[in-house]
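First comes the structure, then the notes that go with it.
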Amino acid sequence: MKFECGDLERALAVPELMQEARDHLKNCPACRSELRLWNEISSAAGALHEDWASPELWPRIKSAIAAEPRPRPVWWSDWKVWALAASIIVAAGLLFWLNRAPGTFGPEQAANRDFLTERALQDVEKNEAAYTQAIDRLYQLAQPRLQNARSPLAVNSREKLILLDSAISDVRTNVQQNRFNASLQMELAALYREKERTLQELVTNDRKN
Amino acid sequence: MVWEIGLPQTFAASVPDQPSEDQLIEDCKRGNIRAYERLYEIHAARMKSIAFHMLGDRSDAEDAVQETFLKVYRSVAGFGGQSSLGTWMYRILLNTCYDQGRKKQRLAEGPVSADIPSRSNVPLKIALDRALSRLNERQRTVFLLFEVEGLKHSEIATILEAPEGTCRSWLFEAKRELKRMLMESRS
Ligand SMILES: [Zn+2]
(Lines give C-alpha, C1' and ligand atoms only; values in the text may rest on other atoms or scores of the structure.)
Protein backbone atom coordinates (compact mmCIF):
# COMPACT_ATOMS: atom_id res chain seq x y z
CA MET A 1 0.00 0.00 0.00
CA LYS A 2 1.28 3.42 -0.91
CA PHE A 3 1.18 5.70 2.13
CA GLU A 4 -0.20 9.17 1.39
CA CYS A 5 -0.64 12.37 3.42
CA GLY A 6 -4.32 11.52 4.00
CA ASP A 7 -3.30 8.26 5.73
CA LEU A 8 -1.47 10.02 8.56
CA GLU A 9 -4.52 10.36 10.83
CA ARG A 10 -5.27 6.69 10.47
CA ALA A 11 -1.67 5.93 11.41
CA LEU A 12 -1.98 8.15 14.48
CA ALA A 13 -4.99 6.12 15.58
CA VAL A 14 -3.36 2.76 14.86
CA PRO A 15 0.27 2.85 16.01
CA GLU A 16 1.11 -0.28 13.95
CA LEU A 17 0.58 1.78 10.79
CA MET A 18 3.28 4.25 11.84
CA GLN A 19 5.89 1.80 10.53
CA GLU A 20 4.44 2.25 7.05
CA ALA A 21 4.40 6.03 7.52
CA ARG A 22 8.16 6.28 8.15
CA ASP A 23 9.30 6.40 4.50
CA HIS A 24 6.59 8.91 3.65
CA LEU A 25 7.52 11.11 6.60
CA LYS A 26 11.17 11.23 5.46
CA ASN A 27 10.06 12.94 2.27
CA CYS A 28 7.02 14.94 3.42
CA PRO A 29 7.64 18.09 5.54
CA ALA A 30 3.88 18.73 5.91
CA CYS A 31 3.26 15.34 7.53
CA ARG A 32 6.39 15.70 9.66
CA SER A 33 5.11 18.99 10.98
CA GLU A 34 1.67 17.49 11.61
CA LEU A 35 3.19 14.58 13.53
CA ARG A 36 5.38 16.98 15.55
CA LEU A 37 2.30 19.00 16.47
CA TRP A 38 0.46 15.81 17.45
CA ASN A 39 3.24 14.87 19.86
CA GLU A 40 3.57 18.44 21.14
CA ILE A 41 -0.11 18.51 22.07
CA SER A 42 0.44 15.71 24.57
CA SER A 43 3.66 17.12 25.96
CA ALA A 44 2.24 20.65 26.30
CA ALA A 45 -0.99 19.41 27.87
CA GLY A 46 0.59 18.73 31.27
CA ALA A 47 1.45 22.43 31.55
CA LEU A 48 -2.24 23.27 31.33
CA HIS A 49 -2.78 21.95 34.85
CA GLU A 50 -3.97 25.08 36.62
CA ASP A 51 -2.68 25.51 40.12
CA TRP A 52 -3.35 28.38 42.49
CA ALA A 53 -3.47 28.86 46.22
CA SER A 54 -6.95 28.93 47.74
CA PRO A 55 -6.42 29.39 51.47
CA GLU A 56 -10.10 30.28 51.94
CA LEU A 57 -11.54 27.32 50.11
CA TRP A 58 -11.24 24.55 52.71
CA PRO A 59 -12.51 26.75 55.59
CA ARG A 60 -15.45 27.69 53.35
CA ILE A 61 -16.23 24.06 52.56
CA LYS A 62 -15.87 23.12 56.22
CA SER A 63 -18.35 25.81 57.30
CA ALA A 64 -20.76 24.80 54.55
CA ILE A 65 -20.60 21.17 55.67
CA ALA A 66 -21.09 22.22 59.30
CA ALA A 67 -24.25 24.08 58.29
CA GLU A 68 -25.68 20.92 56.69
CA PRO A 69 -27.89 18.58 58.69
CA ARG A 70 -25.91 15.56 59.91
CA PRO A 71 -25.97 12.63 57.51
CA ARG A 72 -28.28 9.77 58.35
CA PRO A 73 -26.60 6.68 59.70
CA VAL A 74 -25.32 4.24 57.13
CA TRP A 75 -27.96 1.59 57.81
CA TRP A 76 -30.68 4.21 57.37
CA SER A 77 -30.20 4.06 53.62
CA ASP A 78 -30.03 0.27 53.58
CA TRP A 79 -33.11 -1.12 51.81
CA LYS A 80 -32.76 -4.39 53.76
CA VAL A 81 -33.51 -2.57 57.00
CA TRP A 82 -36.60 -0.99 55.48
CA ALA A 83 -37.73 -4.30 54.03
CA LEU A 84 -37.36 -5.84 57.48
CA ALA A 85 -39.20 -2.98 59.13
CA ALA A 86 -42.04 -3.40 56.63
CA SER A 87 -42.21 -7.15 57.25
CA ILE A 88 -42.30 -6.51 61.01
CA ILE A 89 -45.24 -4.14 60.62
CA VAL A 90 -47.12 -6.66 58.45
CA ALA A 91 -46.36 -9.55 60.82
CA ALA A 92 -47.31 -7.43 63.85
CA GLY A 93 -50.59 -6.51 62.17
CA LEU A 94 -51.36 -10.18 61.52
CA LEU A 95 -50.49 -11.14 65.06
CA PHE A 96 -52.67 -8.36 66.42
CA TRP A 97 -55.52 -9.42 64.19
CA LEU A 98 -55.18 -13.06 65.25
CA ASN A 99 -55.23 -12.07 68.89
CA ARG A 100 -58.33 -9.94 68.37
CA ALA A 101 -60.26 -11.88 65.72
CA PRO A 102 -63.64 -12.92 67.10
CA GLY A 103 -63.44 -16.32 65.37
CA THR A 104 -60.38 -17.23 67.37
CA PHE A 105 -62.30 -17.01 70.60
CA GLY A 106 -65.86 -17.73 69.50
CA PRO A 107 -68.78 -18.28 71.88
CA GLU A 108 -68.29 -22.04 71.70
CA GLN A 109 -64.91 -21.59 73.31
CA ALA A 110 -66.25 -19.26 75.97
CA ALA A 111 -65.83 -21.90 78.64
CA ASN A 112 -62.12 -22.21 78.10
CA ARG A 113 -61.35 -19.02 76.20
CA ASP A 114 -57.79 -19.04 77.51
CA PHE A 115 -57.07 -22.04 75.31
CA LEU A 116 -56.35 -21.78 71.61
CA THR A 117 -57.67 -24.23 69.07
CA GLU A 118 -55.03 -26.23 67.14
CA ARG A 119 -55.72 -24.30 63.89
CA ALA A 120 -55.51 -20.88 65.56
CA LEU A 121 -52.39 -21.96 67.40
CA GLN A 122 -50.72 -22.95 64.14
CA ASP A 123 -51.55 -19.52 62.72
CA VAL A 124 -50.26 -17.73 65.79
CA GLU A 125 -47.05 -19.76 65.83
CA LYS A 126 -46.48 -19.24 62.10
CA ASN A 127 -46.97 -15.48 62.36
CA GLU A 128 -45.08 -15.26 65.59
CA ALA A 129 -42.12 -17.04 63.98
CA ALA A 130 -42.06 -14.57 61.07
CA TYR A 131 -42.49 -11.63 63.45
CA THR A 132 -39.78 -12.68 65.89
CA GLN A 133 -37.35 -13.58 63.10
CA ALA A 134 -37.83 -10.16 61.54
CA ILE A 135 -37.30 -8.41 64.88
CA ASP A 136 -34.26 -10.54 65.64
CA ARG A 137 -32.72 -9.70 62.29
CA LEU A 138 -33.35 -6.00 62.82
CA TYR A 139 -31.84 -6.39 66.27
CA GLN A 140 -28.74 -8.04 64.75
CA LEU A 141 -28.37 -5.19 62.27
CA ALA A 142 -28.72 -2.60 65.02
CA GLN A 143 -26.25 -4.42 67.30
CA PRO A 144 -23.01 -2.61 66.24
CA ARG A 145 -24.73 0.78 66.62
CA LEU A 146 -26.19 -0.26 69.94
CA GLN A 147 -22.84 -1.38 71.26
CA ASN A 148 -21.07 1.80 70.19
CA ALA A 149 -23.87 4.07 71.35
CA ARG A 150 -23.01 6.53 74.10
CA SER A 151 -26.21 8.57 74.51
CA PRO A 152 -28.25 8.00 77.71
CA LEU A 153 -31.24 6.84 75.63
CA ALA A 154 -29.15 4.27 73.77
CA VAL A 155 -27.64 2.98 77.02
CA ASN A 156 -31.15 2.69 78.55
CA SER A 157 -32.44 0.96 75.45
CA ARG A 158 -29.56 -1.48 75.51
CA GLU A 159 -30.33 -2.42 79.13
CA LYS A 160 -34.05 -2.61 78.45
CA LEU A 161 -33.46 -4.91 75.49
CA ILE A 162 -31.36 -7.23 77.67
CA LEU A 163 -34.21 -7.41 80.23
CA LEU A 164 -36.79 -7.94 77.49
CA ASP A 165 -34.73 -10.77 75.99
CA SER A 166 -34.52 -12.44 79.36
CA ALA A 167 -38.30 -12.08 79.88
CA ILE A 168 -38.98 -13.35 76.33
CA SER A 169 -36.82 -16.37 77.02
CA ASP A 170 -38.75 -17.14 80.29
CA VAL A 171 -42.18 -16.76 78.68
CA ARG A 172 -41.12 -18.88 75.72
CA THR A 173 -40.14 -21.68 78.06
CA ASN A 174 -43.60 -21.45 79.66
CA VAL A 175 -45.29 -21.34 76.25
CA GLN A 176 -43.43 -24.46 75.15
CA GLN A 177 -44.79 -26.26 78.21
CA ASN A 178 -48.30 -24.93 77.65
CA ARG A 179 -48.73 -24.23 73.94
CA PHE A 180 -52.51 -23.73 74.04
CA ASN A 181 -52.47 -21.00 76.67
CA ALA A 182 -53.66 -17.84 74.93
CA SER A 183 -52.63 -15.43 77.66
CA LEU A 184 -49.08 -16.73 77.58
CA GLN A 185 -49.02 -16.30 73.79
CA MET A 186 -50.34 -12.77 74.21
CA GLU A 187 -47.79 -12.02 76.89
CA LEU A 188 -45.06 -13.17 74.51
CA ALA A 189 -46.50 -11.05 71.71
CA ALA A 190 -46.60 -8.04 74.05
CA LEU A 191 -42.94 -8.54 74.95
CA TYR A 192 -42.01 -8.69 71.28
CA ARG A 193 -44.03 -5.57 70.60
CA GLU A 194 -42.15 -3.84 73.42
CA LYS A 195 -38.86 -4.95 71.88
CA GLU A 196 -39.99 -3.62 68.52
CA ARG A 197 -41.04 -0.31 70.13
CA THR A 198 -37.65 0.01 71.84
CA LEU A 199 -35.81 -0.60 68.60
CA GLN A 200 -38.07 1.87 66.82
CA GLU A 201 -37.37 4.46 69.49
CA LEU A 202 -33.67 4.00 68.90
CA VAL A 203 -34.14 4.37 65.16
CA THR A 204 -36.19 7.53 65.56
CA ASN A 205 -33.72 9.00 67.99
CA ASP A 206 -30.80 8.19 65.67
CA ARG A 207 -32.69 9.92 62.85
CA LYS A 208 -33.26 13.06 64.94
CA ASN A 209 -29.55 13.25 65.77
CA MET B 1 -5.48 19.83 65.99
CA VAL B 2 -9.00 21.11 65.43
CA TRP B 3 -11.73 18.52 65.60
CA GLU B 4 -15.12 19.17 64.40
CA ILE B 5 -18.74 19.78 64.31
CA GLY B 6 -20.47 18.27 67.22
CA LEU B 7 -18.83 14.85 67.15
CA PRO B 8 -17.41 13.17 70.22
CA GLN B 9 -13.67 13.60 70.68
CA THR B 10 -13.13 9.84 70.81
CA PHE B 11 -14.80 9.41 67.48
CA ALA B 12 -12.82 12.10 65.70
CA ALA B 13 -9.57 10.97 67.27
CA SER B 14 -10.09 7.46 65.95
CA VAL B 15 -9.43 8.58 62.37
CA PRO B 16 -5.82 7.84 61.49
CA ASP B 17 -3.77 10.32 59.42
CA GLN B 18 -3.54 7.92 56.46
CA PRO B 19 -6.80 5.98 56.57
CA SER B 20 -7.50 3.23 54.07
CA GLU B 21 -10.03 3.90 51.33
CA ASP B 22 -12.65 1.81 53.20
CA GLN B 23 -11.97 3.67 56.43
CA LEU B 24 -12.21 7.00 54.64
CA ILE B 25 -15.56 6.06 53.12
CA GLU B 26 -16.86 4.86 56.48
CA ASP B 27 -15.69 8.09 58.17
CA CYS B 28 -17.28 10.22 55.47
CA LYS B 29 -20.52 8.32 55.94
CA ARG B 30 -20.36 9.14 59.64
CA GLY B 31 -19.98 12.82 58.80
CA ASN B 32 -16.46 13.08 60.17
CA ILE B 33 -15.06 16.39 58.95
CA ARG B 34 -11.46 15.15 59.25
CA ALA B 35 -12.23 12.57 56.56
CA TYR B 36 -13.48 15.33 54.26
CA GLU B 37 -10.36 17.35 54.97
CA ARG B 38 -8.31 14.32 53.94
CA LEU B 39 -10.33 14.05 50.72
CA TYR B 40 -9.68 17.73 50.12
CA GLU B 41 -5.95 17.27 50.63
CA ILE B 42 -5.86 14.40 48.16
CA HIS B 43 -8.14 15.70 45.41
CA ALA B 44 -8.72 19.46 45.65
CA ALA B 45 -5.80 20.58 43.46
CA ARG B 46 -6.85 18.33 40.60
CA MET B 47 -10.53 19.13 41.11
CA LYS B 48 -9.82 22.88 40.95
CA SER B 49 -7.85 22.49 37.74
CA ILE B 50 -10.51 20.35 36.07
CA ALA B 51 -13.25 22.77 37.11
CA PHE B 52 -11.18 25.72 35.93
CA HIS B 53 -10.87 24.23 32.45
CA MET B 54 -14.55 23.37 32.36
CA LEU B 55 -15.73 26.80 33.56
CA GLY B 56 -12.90 29.11 32.54
CA ASP B 57 -12.76 30.98 35.84
CA ARG B 58 -10.97 30.33 39.12
CA SER B 59 -13.74 31.63 41.32
CA ASP B 60 -16.35 29.52 39.50
CA ALA B 61 -14.00 26.53 39.78
CA GLU B 62 -13.75 26.96 43.56
CA ASP B 63 -17.54 27.21 43.79
CA ALA B 64 -17.84 23.98 41.82
CA VAL B 65 -15.38 22.22 44.13
CA GLN B 66 -17.30 23.43 47.19
CA GLU B 67 -20.59 22.32 45.66
CA THR B 68 -19.07 18.92 44.92
CA PHE B 69 -17.99 18.44 48.53
CA LEU B 70 -21.49 19.30 49.72
CA LYS B 71 -23.03 16.86 47.25
CA VAL B 72 -20.60 14.18 48.43
CA TYR B 73 -21.52 14.91 52.07
CA ARG B 74 -25.22 14.71 51.29
CA SER B 75 -25.09 11.53 49.26
CA VAL B 76 -22.16 9.52 50.58
CA ALA B 77 -24.50 7.31 52.64
CA GLY B 78 -25.70 5.84 49.37
CA PHE B 79 -22.19 5.35 47.98
CA GLY B 80 -21.81 1.60 47.57
CA GLY B 81 -18.10 1.49 46.75
CA GLN B 82 -18.66 0.36 43.14
CA SER B 83 -15.80 2.71 42.20
CA SER B 84 -13.18 4.49 44.25
CA LEU B 85 -14.32 7.49 46.27
CA GLY B 86 -12.04 9.67 44.12
CA THR B 87 -13.55 8.66 40.77
CA TRP B 88 -17.02 9.06 42.24
CA MET B 89 -16.12 12.59 43.37
CA TYR B 90 -14.74 13.50 39.94
CA ARG B 91 -17.99 12.33 38.36
CA ILE B 92 -19.95 14.58 40.71
CA LEU B 93 -17.55 17.44 39.99
CA LEU B 94 -17.96 17.08 36.23
CA ASN B 95 -21.75 17.02 36.50
CA THR B 96 -21.60 20.10 38.71
CA CYS B 97 -19.41 21.84 36.13
CA TYR B 98 -21.71 20.83 33.27
CA ASP B 99 -24.66 22.31 35.18
CA GLN B 100 -22.81 25.50 36.12
CA GLY B 101 -21.41 25.81 32.59
CA ARG B 102 -24.86 25.51 31.08
CA LYS B 103 -26.26 28.13 33.46
CA LYS B 104 -23.39 30.44 32.60
CA GLN B 105 -23.87 29.88 28.89
CA ARG B 106 -27.57 30.67 29.19
CA LEU B 107 -26.76 33.88 31.06
CA ALA B 108 -24.25 34.88 28.42
CA GLU B 109 -26.84 34.02 25.73
CA GLY B 110 -24.43 32.09 23.58
CA PRO B 111 -21.42 29.83 23.80
CA VAL B 112 -18.40 31.28 25.51
CA SER B 113 -15.46 30.45 23.28
CA ALA B 114 -12.24 32.26 22.76
CA ASP B 115 -10.55 32.75 19.40
CA ILE B 116 -7.34 30.87 18.91
CA PRO B 117 -4.46 33.32 18.48
CA SER B 118 -3.53 33.25 14.83
CA ARG B 119 0.10 34.34 15.10
CA SER B 120 2.37 31.40 14.49
CA ASN B 121 4.80 32.44 17.23
CA VAL B 122 2.20 32.29 20.03
CA PRO B 123 3.30 29.76 22.69
CA LEU B 124 1.69 26.37 22.13
CA LYS B 125 0.37 26.31 25.71
CA ILE B 126 -1.76 29.41 25.13
CA ALA B 127 -2.99 28.27 21.73
CA LEU B 128 -3.79 24.83 23.12
CA ASP B 129 -5.62 26.33 26.09
CA ARG B 130 -7.82 28.35 23.74
CA ALA B 131 -8.37 25.42 21.40
CA LEU B 132 -9.31 23.23 24.35
CA SER B 133 -12.07 25.62 25.36
CA ARG B 134 -13.58 25.18 21.88
CA LEU B 135 -13.83 21.41 22.04
CA ASN B 136 -17.16 19.84 22.75
CA GLU B 137 -17.85 18.87 26.38
CA ARG B 138 -17.07 15.18 25.99
CA GLN B 139 -13.81 15.65 24.07
CA ARG B 140 -12.64 18.38 26.43
CA THR B 141 -13.40 16.19 29.44
CA VAL B 142 -11.40 13.15 28.29
CA PHE B 143 -8.50 15.29 27.11
CA LEU B 144 -8.42 17.13 30.45
CA LEU B 145 -8.62 13.99 32.53
CA PHE B 146 -6.02 12.04 30.56
CA GLU B 147 -3.54 14.51 29.07
CA VAL B 148 -3.75 17.37 31.56
CA GLU B 149 -4.52 15.65 34.86
CA GLY B 150 -2.91 12.30 34.16
CA LEU B 151 -5.77 9.97 35.08
CA LYS B 152 -5.67 6.41 33.75
CA HIS B 153 -7.95 5.24 30.94
CA SER B 154 -9.63 2.82 33.35
CA GLU B 155 -10.33 5.64 35.83
CA ILE B 156 -11.72 7.89 33.10
CA ALA B 157 -13.98 5.08 31.90
CA THR B 158 -15.35 4.72 35.45
CA ILE B 159 -15.84 8.46 35.87
CA LEU B 160 -17.63 8.83 32.55
CA GLU B 161 -19.45 5.50 32.91
CA ALA B 162 -18.39 4.52 29.39
CA PRO B 163 -16.35 1.60 28.00
CA GLU B 164 -12.60 2.18 28.08
CA GLY B 165 -12.32 1.76 24.29
CA THR B 166 -14.95 4.44 23.78
CA CYS B 167 -13.07 6.84 26.06
CA ARG B 168 -9.87 6.15 24.13
CA SER B 169 -11.59 6.99 20.87
CA TRP B 170 -13.04 10.20 22.36
CA LEU B 171 -9.50 11.13 23.37
CA PHE B 172 -8.27 10.49 19.85
CA GLU B 173 -11.07 12.63 18.44
CA ALA B 174 -10.19 15.39 20.90
CA LYS B 175 -6.52 15.38 19.90
CA ARG B 176 -7.38 15.27 16.20
CA GLU B 177 -9.71 18.24 16.65
CA LEU B 178 -7.09 20.17 18.61
CA LYS B 179 -4.47 19.42 15.97
CA ARG B 180 -6.85 20.63 13.27
CA MET B 181 -7.58 23.88 15.10
CA LEU B 182 -3.92 24.52 15.85
CA MET B 183 -2.90 23.82 12.25
CA GLU B 184 -5.59 26.16 10.97
CA SER B 185 -4.41 28.90 13.29
CA ARG B 186 -0.85 28.44 12.08
CA SER B 187 -1.55 28.46 8.36
ZN1 LIG C 1 2.50 13.81 3.68
Side-chain angles (χ1 to χ4, degrees), chain A residues 5 8-15 30-31 33-81 144-145 148-151 154 206-207 209, chain B residues 2 4-8 10-11 26 28-31 33 36-37 40-41 44-46 48-53 58 61-63 65-70 72-79 123-125 127-129 131-132 143-144 146-150 169 172 174-176 178-179 182-183 186:
Chain A
C5 295
L8 184 64
E9 280 200 348
R10 218 156 40 87
L12 293 172
V14 187
C31 281
S33 145
E34 206 172 322
L35 179 62
R36 199 180 314 119
L37 180 59
W38 180 264
N39 292 327
E40 279 173 357
I41 287 173
S42 289
S43 47
L48 292 184
H49 172 81
E50 192 79 8
D51 203 8
W52 70 96
S54 321
E56 302 301 317
L57 185 54
W58 170 246
R60 230 172 73 193
I61 293 172
K62 191 176 169 179
S63 311
I65 289 178
E68 288 281 309
R70 284 191 60 185
R72 284 167 172 174
V74 178
W75 58 267
W76 186 256
S77 59
D78 190 342
W79 66 269
K80 283 177 277 187
V81 171
R145 260 92 202 163
N148 294 331
R150 299 271 180 279
S151 74
D206 213 332
R207 186 182 168 191
N209 292 331
Chain B
V2 181
E4 85 271 20
I5 36 183
L7 287 172
T10 47
F11 179 34
E26 193 56 32
C28 285
K29 287 184 178 184
R30 286 178 181 170
I33 199 77
Y36 288 91
E37 191 171 10
Y40 183 87
E41 287 161 5
R46 208 182 234 173
K48 273 162 50 183
S49 177
I50 293 170
F52 171 80
H53 284 289
R58 287 182 172 184
E62 290 183 355
D63 288 347
V65 172
Q66 175 174 341
E67 186 59 29
T68 301
F69 268 86
L70 284 177
V72 168
Y73 180 82
R74 287 173 198 147
S75 55
V76 74
F79 175 69
L124 179 64
K125 188 195 160 194
L128 185 58
D129 200 11
L132 186 57
F143 186 85
L144 266 175
F146 184 81
E147 299 281 9
V148 180
E149 302 302 334
S169 77
F172 179 78
K175 277 185 78 177
R176 191 176 56 189
L178 288 170
K179 176 173 72 67
L182 292 171
M183 280 173 68
R186 284 177 176 190

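Order of the sequence lines sets the chain letters (A, B, ...), proteins ahead of strands, with each chain counted from 1.
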For [X], which atoms come within 4.5 Å of any heavy atom of chain A: side chain, backbone, both, or neither?
X: B:I50; result: neither
X: B:A44; result: neither
X: B:F146; result: neither

Strictly below 4.0 Å, N to O, side chains only: are B:R58 and B:E62 in salt-bridge contact? no

Taking only Lys NZ, Arg NE, NH1 and NH2, and the carboxylate oxygens of Asp or Glu, determine whether A:K62 and B:E37 approach each other closer than 4.0 Å. no

Between [X] and chain B, with a heavy-atom cut-off of 4.5 Å, which part of the residue counts as in contact: side chain, backbone, both or neither?
X: A:E34; result: both
X: A:L48; result: both
X: A:A53; result: backbone

Looking at residues at least two apart in the chain, or sitting in another chain, which of them share a side-chain contact (heavy atoms from CB on, under 4.5 Å) with B:R176? A:E9, A:W38, B:F172, B:E173

For chain A, which candidate among B:L178, B:V148, B:L144 shows the most heavy-atom pairs at distances under 4.5 Å? B:V148

Of A:L12, A:D51, A:L37, the largest count of non-hydrogen pairs under 4.5 angstrom with chain B goes to A:L37

Heavy-atom pairs under 4.5 Å with chain B, option from A:A45, A:G46, A:A64 with the top count: A:A45

If we ignore hydrogens and angles and just use 3.5 Å, is the side chain of B:K29 paired with the main-chain N or O of B:F79 as donor and acceptor? yes

Aromatic rings A:W58 and B:F69: how do their planes relate, parallel, tilted or perpendicular, breaks at 30° and 60°? perpendicular

Say you draw a straight line from CZ of A:R36 to OG of A:S43; how long is it, rounded to the nearest 0.5 Å? 12.0 Å

Any idea which heavy atoms bring B:R46 and A:H49 closest together, and the distance? CA-CE1, 4.2 Å

